[in-house]
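A quick write-up on the structure given underneath.
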Amino acid sequence: MDLSIALVNWNNRDYLRQCLESIETAKLSFTYEIVVTDNGSTDSSQQMLAEHFPNVKIVQNEGNVGVARGNNQCIQNSTGRYVYILNNDTLINRPSVEAMVRFLDNHPEAGAVGGNLLNPDGTLQSSFCRFPTLREESLLVSHIGRWLNPYFPSHNGGPGLLSARWIGSARPASSVRREAIEGIGLIDEEYFIYSDETDWQYRLWRAGWKVYYLPEVTTIHYGGGSFKPGDKRYTLVYRGRMLFARKHYGPVYRLVQRFLFAVAALGRLAVWEVLCLTLRWRSVAQRQVGSDWETLKLCFHLR
């Protein structure tokens with residue numbers, strides 16, 4: 001088996017179906033399998049898979065065990081030489097997937113390879129990232145990063161990069177060599193979602209593998225399909241970044257990072273508390289206040 005396509009699903013039936021249809025439409029020229037881990041969906045995702053995609057291998061969980069564990073279950077139940085870690089709210093195309101497989105075939109030093117994520121209208125969404133720095137953390141919480149670069153914290157990618165290049169961390173929708181996975185181990189399941197792949201690729205780098213960016217590789221990504229306004233997305237993003245710093249960086253970095261995140265959470269709390277007084281924003285604001293309080297607690301209590 002050349003390629004194992006790994007998908008984790010939680011109540012994202014319609015996006016998942018579109019993604020699987022795009023894989024079928026691509027008519028890939030090499031052998032591949034699709035493994036879907038379903039995290040206890042209640043939106044008839046399982047029925048949809050059984051009716052329309054009977055050849056897909058399904059790993060069924062009773063509840064939402066997170067993206068990291070879900071991807072690990074896909075890896076453990078697959079056999080491909082390469083594992084394509086794919087979000088379920090994406091659409092793939094044949095030239096891009098085949099370019100990644102071809103590159104991994106021709107570059108044995110490559111542990112993983114990725115490309116550009118595009119918005120549904122075809123504009124660039126994000127490409128690749130460097131590993132986190134305190135400068136990046138400050139630009140993230142202040143939102144200055146997005147003012148300087150609309151794709152922040154991603155590189156702006158695109159036409160300015162005409163050839164493959166060695167990078168720090170690919171965005172979601174990257175292909176990973178199974179030999180490399182066997183060497184460094186599976187994804188750290190302490191990450192529920194966010195920063196799990198950054199951690200994984202950092203471990204690849206430390207083990208001597210290279211992660212490459214291919215500018216010709218594109219994947220359409222809808223983004224945020226599992227979250228609603230006011231959900232705990234920011235909390236999960238910050239939690240992932242704090243876990244990464246705890247695992248790989250020193251105490252000074254961790255202290256400054258948590259100070260920045262705490263200040264940002266307090267600032268958002270002040271804004272959302274005011275919006276709780278308005279009828280239009282009350283429902284979203286109340287959920288966001290809870291999320292920001294949780295972020296603040298993590299800054300002091302995450303071990």
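Note that these values count all heavy atoms, side chains included, but never hydrogens, waters or copies made by symmetry.
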Less than 4.5 Å apart, side chain to side chain, heavy atoms only: is that true for [X] and [Y]?
| X | Y | value |
| --- | --- | --- |
| Val252 | Leu255 | no |
| Phe152 | Leu139 | yes |
| Ser174 | Tyr84 | no |
| Asp196 | Val67 | yes |

Decide side-chain hydrogen bond (donor to acceptor under 3.5 Å, both in side chains) for Ser29 and Glu98; before the verdict, give the C-alpha distance in whole Å, the side-chain angles of both, and the deciding distance to 0.1 Å.
-> CA-CA 8 Å; Ser29 61; Glu98 295 191 345; 2.7 Å; yes

How far apart are the C-alpha atoms of Asp105 and Tyr82, what are their side-chain angles, what is the distance that settles it, and do they pass the side-chain hydrogen bond (donor to acceptor under 3.5 Å, both in side chains) test?
-> CA-CA 10 Å; Asp105 280 342; Tyr82 310 126; 2.5 Å; yes

Would you check if the side chain of [X] reaches a backbone N or O of [Y] as a donor-acceptor pair within less than 3.5 Å?
| X | Y | result |
| --- | --- | --- |
| Arg69 | Glu189 | no |
| Asp38 | Gln60 | no |
| Gln18 | Asp89 | no |
| Arg282 | Cys276 | yes |

Provide the closest heavy-atom pair for [X] versus [Y] in the form atom of the first, atom of the second, distance.
| X | Y | value |
| --- | --- | --- |
| Leu91 | Thr219 | O-CG2, 3.5 Å |
| Tyr191 | Gly240 | CE2-O, 3.4 Å |
| Asn72 | Ile187 | ND2-O, 2.8 Å |

Do Leu275 and Val289 share a hydrophobic cluster, counting only Ile, Leu, Val, Met, Phe, Trp and Tyr and linking them when any side-chain heavy atoms are less than 4.5 Å apart?
->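 Same cluster.
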
Transitive ILVMFWY side-chain link Leu86 to Val35, under 4.5 Å =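 No; Val35 is not reachable from Leu86 via cluster members.
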
Between the side chains of [X] and [Y], is a donor N or O closer than 3.5 angstrom to an acceptor N or O?
| X | Y | result |
| --- | --- | --- |
| Arg239 | Thr235 | no |
| Ser96 | Glu216 | no |
| Thr123 | Asn119 | yes |
| Tyr213 | Asn116 | yes |
| Gln73 | Asn61 | yes |
| Tyr212 | Glu109 | yes |
| Asn12 | Ser45 | no |
| Asp292 | Thr295 | no |
| Asn87 | Thr90 | no |

Side chain to side chain contact (heavy atoms under 4.5 Å, CB included) partner of Trp200, chosen from Asp188, Leu186, Val211, Ile85 =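 For Trp200, the side chain to side chain contact (heavy atoms under 4.5 Å, CB included) check succeeds only for Ile85.
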
State which residue, out of Met242, Arg246, His248, fulfils the side chain to side chain contact (heavy atoms under 4.5 Å, CB included) condition with Phe244.
->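 The single option meeting the side chain to side chain contact (heavy atoms under 4.5 Å, CB included) with Phe244 is His248.
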
Charged tip of Arg268 within 45° of Tyr234 ring normal and under 6.0 Å |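 Checked: cation-pi criterion met.
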
The single option from Arg178, Arg177, Arg102, Arg81 passing salt bridge (charged side-chain N to carboxylate O under 4.0 Å, His left out) against Asp2 |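 So, applying the salt bridge (charged side-chain N to carboxylate O under 4.0 Å, His left out) to Asp2 and each of Arg178, Arg177, Arg102, Arg81, only Arg81 qualifies.
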
Relative to the ring of Tyr202, is the ring of Phe131 parallel (under 30°), tilted (30 to 60°) or perpendicular (over 60°)?
->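 If you compare the ring of Phe131 with that of Tyr202, the planes turn out perpendicular.
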
Arg241 and Glu137 ion-paired at < 4.0 Å |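 Answer for the salt bridge query: yes.
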
